[in-house]
Amino acid sequence: MRNPLPPVPATLLDLEVAGQLRRGVPTARLVAAPDSDPNNDDVEPLEIEGVRITGKAGDVQTVPGDGPRWVAGLGGGEPKEYRKTGAALVRAVNAALAEDVEHGGKAFRAVQLELPEEASGEHVTELALGLLLGGYRYKVTGTDPSPSVRTVRLVGDDPALPSLVERASALAAATALTRDLANTPSNVKTPAWLADTAARVAGPRVEVTVRDEKWLAAEGFGGVLAVGGGSARPPRLIEMAYKPSGASSHLLLVGKGITFDTGGLSIKPADGMHLMRTDMAGGAAVIAAIRGIAALGLPVRVTALIPCAENHVSGSSYRPGDIVRHYGGKTTEVGNTDAEGRMVLADALVYGIKRFTPDYVVDAATLTGAMKVSLGLRTGGLFASDSALAAAVISAGERVGEAWWRMPLVEDYAENVRGEFGDVRQTPGGPGGITAALFLREFTSGLPWAHLDIAGPARSEKNYDEVVPGATGFAARTLVELAASLA
């Protein structure tokens, strides 16, 4: 029987580099807006073969005649506009390919694109990310998927082009793998499936160890066991290690791996619960990031921990009012079983710090709805105990097209985290995103630590830039680039 699930990892299109255009291959042309302000509607647009071209970033027009088949606008020429244009162009090419096939035409599978002379390395990287990710699709179907372009040939004479394309391809692959894992439906994506898949896709330079529920119980991972206790599908802890020779520093990554979140006994409303298949997007980003870091051969040691559990409803579910003992002995008063992410992260943070003694700690999680309210759906929330690490995360995100905003760890709310019947409260009063971060800080042993709350940008309902509906893959590229900066 044919397996209707898309492959993991997804196969992205090939980016090739060539020195000149080739005859007979469909061509696309990039043009800048005819004014420094691409939003100025009073400027007369360009006209090519009778087609009016605005030149705005992402505006792609089909042109008749013997010249280029597509003309794509670059706007004012900012690097991020190249990414938007690359994504829009590949979508237009795929639409044209599907239309050609539907009408009995000859299917083309390659397109060539001449790079503007003024395109820098940053421009090429952003364009490549858009081309590679803009056509990403995840669909569980029993029929053949729509055809898509297989190869985009970048034409230019910059000797750095091959290395730029190689690096952009590794970054795009990390984003795509994060999307693959987060999009997989939860009737397939059990904690065991996620662990097995992480081991399968990790690559030859990453060591993977999967810890089962018996090991978790013997070691005292009370948070993971409490959250996973309501499900017939037992929890797992995924350990991934990349140890290059000569590494200058050691980065610990921890990602929330809740493979489905009902909210537990504090059950969520039905509206929107189907989206909780992506509640392990932070864990997916961590899995994809360490794979990408190893693929690039970066000289920094990385340990990745992904505590995996399904937060379900049953007679064995943990309850509000419970007191849970975490790995290391600290106890938490449970106030709301839907605040499960911080419970599993607490165990993994303490274990990772005690077991591996890292120099830096970064966790990623779809943790709080409060961050969606604070920052919307396109910016990640960043909390950090160390300003240098916070600046490194923000700078890394800027270089790879992911936006972060540093949020305050307001000490006035820290006392709220102190427990009455246990050491700490799971859901202390105060602003939800901040108090959740303050809770996690209790488990970081004073190390340089950053908490990435990606509840907003981890999912999308529409296309924008290189993002498509579903899981966005947010944070994976930032983590890869952060590792590069630490190296």
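Start at 1 with the first residue, then count along the sequence.
Looking at heavy atoms from C-beta onward, Val140 lies in side-chain contact with Pro6 at the 4.5 angstrom threshold. Residues Phe108 and Val93 are in side-chain contact: their nearest non-hydrogen atoms beyond the backbone lie under 4.5 Å apart. Using a 4.5 Å cut-off on side-chain heavy atoms (C-beta onward), Leu115 and Leu161 make contact. Using a 4.5 Å heavy-atom threshold, the side chains of Tyr413 and Pro428 count as separate. Residues Arg205 and Pro244 meet the side-chain proximity criterion, which asks for heavy atoms closer than 4.5 Å. Using a 4.5 Å heavy-atom cutoff, the side chains of Thr259 and Trp193 are not in contact. Side-chain contact check for Leu89 versus Leu113: some heavy-atom pair is nearer than 4.5 Å. Inter-residue side-chain proximity for Asp359 and Pro448 is flagged as unmet; no heavy-atom pair is nearer than 4.5 Å.
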Report task. Begin from the C-alpha positions of Tyr138 and Thr184 and carry the test side-chain contact (heavy atoms from CB on, under 4.5 Å) through to its verdict. Result -> CA-CA 9 Å; Tyr138 186 97; Thr184 299; 3.5 Å; yes

Query raised in the report: Given the rule in the side-chain contact (heavy atoms from CB on, under 4.5 Å) test, do Arg179 and Val468 qualify, once you have shown the distances and angles that lead to the verdict?
Result: CA-CA 10 Å; Arg179 292 177 181 180; Val468 298; 3.9 Å; yes

Query - Residues Thr175, Val400; criterion side-chain contact (heavy atoms from CB on, under 4.5 Å); working and verdict - result: CA-CA 11 Å; Thr175 298; Val400 296; over 6 Å; no

Report task. Report the C-alpha distance between Thr357 and His250 in whole Å, list the side-chain angles of each, state the deciding distance to 0.1 Å, and finish with yes or no for side chain to side chain donor-acceptor pair (under 3.5 Å). Result -> CA-CA 8 Å; Thr357 59; His250 184 185; 5.4 Å; no

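Of the candidates Val424, Val224, Val350, Thr332, His326 forms a side chain to side chain contact (heavy atoms under 4.5 Å, CB included) with just one, namely Thr332.
The local environment of CZ in Arg109 is crowded, with over 12 non-hydrogen atoms from other residues, nucleotides or ligands closer than 6.0 Å. Atom CH2 of Trp215 has more than 12 heavy atoms from other residues, nucleotides or ligands within 6.0 Å. Within a 6.0 Å sphere centred on CZ of Arg200, heavy atoms belonging to other residues, nucleotides or ligands number more than 12.
Considering only residues two or more places apart in sequence or on other chains, Asp59 meets the salt bridge (charged side-chain N to carboxylate O under 4.0 Å, His left out) condition with none of them. Partners of Arg342 according to the side chain to side chain donor-acceptor pair (under 3.5 Å) rule, which considers only residues two or more places apart in sequence or in another chain, do not exist here. In this view, Glu481 and Arg167, Arg399 satisfy the salt bridge (charged side-chain N to carboxylate O under 4.0 Å, His left out) rule, not counting sequence neighbours. For Thr85, the side chain to side chain donor-acceptor pair (under 3.5 Å) criterion is met by no residue, not counting sequence neighbours. In terms of the side chain to side chain donor-acceptor pair (under 3.5 Å) criterion, residue partners of Tyr351 (sequence neighbours excluded) are, by chain and number, Glu239. When the side chain to side chain donor-acceptor pair (under 3.5 Å) test is applied to Thr368, the partners found at least two apart in sequence or on another chain are Asp453. Every residue meeting the salt bridge (charged side-chain N to carboxylate O under 4.0 Å, His left out) condition with Lys330, not counting sequence neighbours, appears here in chain and number order: Glu442.
Judged by distance alone, with hydrogens and angles left aside, the side-chain atoms of Asp363 form no donor-acceptor pair with the main-chain N or O of Val254 at under 3.5 Å. Without hydrogens or angle criteria, Thr278 side chain to Ala471 main chain gives no donor-acceptor distance under 3.5 Å.
Salt-bridge annotation for Arg355 and Glu219: absent, with no side-chain N of the basic residue lying under 4.0 Å from a carboxylate O of the acidic one. The existence of a salt bridge linking Lys84 and Glu466 is excluded, since no basic side-chain nitrogen approaches an acidic carboxylate oxygen closer than 4.0 Å.
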With a 3.5 Å cut-off and sequence neighbours excluded, list the donor-acceptor pairs that the side chains of residues 119-132 form with protein atoms.
unit_1	atom_1	unit_2	atom_2	d
Ser120	OG	Glu122	N	3.4
Ser120	OG	His123	N	3.3
Ser120	OG	His123	ND1	2.7
His123	ND1	Ser120	N	3.0
His123	NE2	Gly77	O	2.8
Thr125	OG1	Gly121	O	3.0
Glu126	OE1	Arg83	NE	2.6

Without placing hydrogens or testing angles, list every side-chain donor-acceptor pair under 3.5 Å for residues 375-393, not counting sequence neighbours.
unit_1	atom_1	unit_2	atom_2	d
Ser385	OG	Leu447	O	3.2
Ser385	OG	Trp449	N	3.0
Ser385	OG	Trp449	O	3.4
Asp386	OD2	Ala388	N	3.2
Asp386	OD2	Leu389	N	2.8
Ser387	OG	Arg406	NH1	3.2

Donor-acceptor contacts, no H, no angles, side chain residues 279-300, under 3.5 Å, sequence neighbours left out:
unit_1	atom_1	unit_2	atom_2	d
Asp279	OD1	Lys256	NZ	3.1
Asp279	OD1	Thr366	OG1	2.6
Asp279	OD2	Lys256	NZ	3.2
Arg291	NE	Val201	O	2.6

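Pairs passing the ring pair (Phe, Tyr, Trp, His ring centres under 6.0 Å) check and including a residue from residues 461-487, sequence neighbours excluded, read Trp404-Phe474. Residues in residues 151-165 take part in these side-chain hydrogen bond (donor to acceptor under 3.5 Å, both in side chains) pairs, two or more places apart or across chains: Glu16-Arg153.
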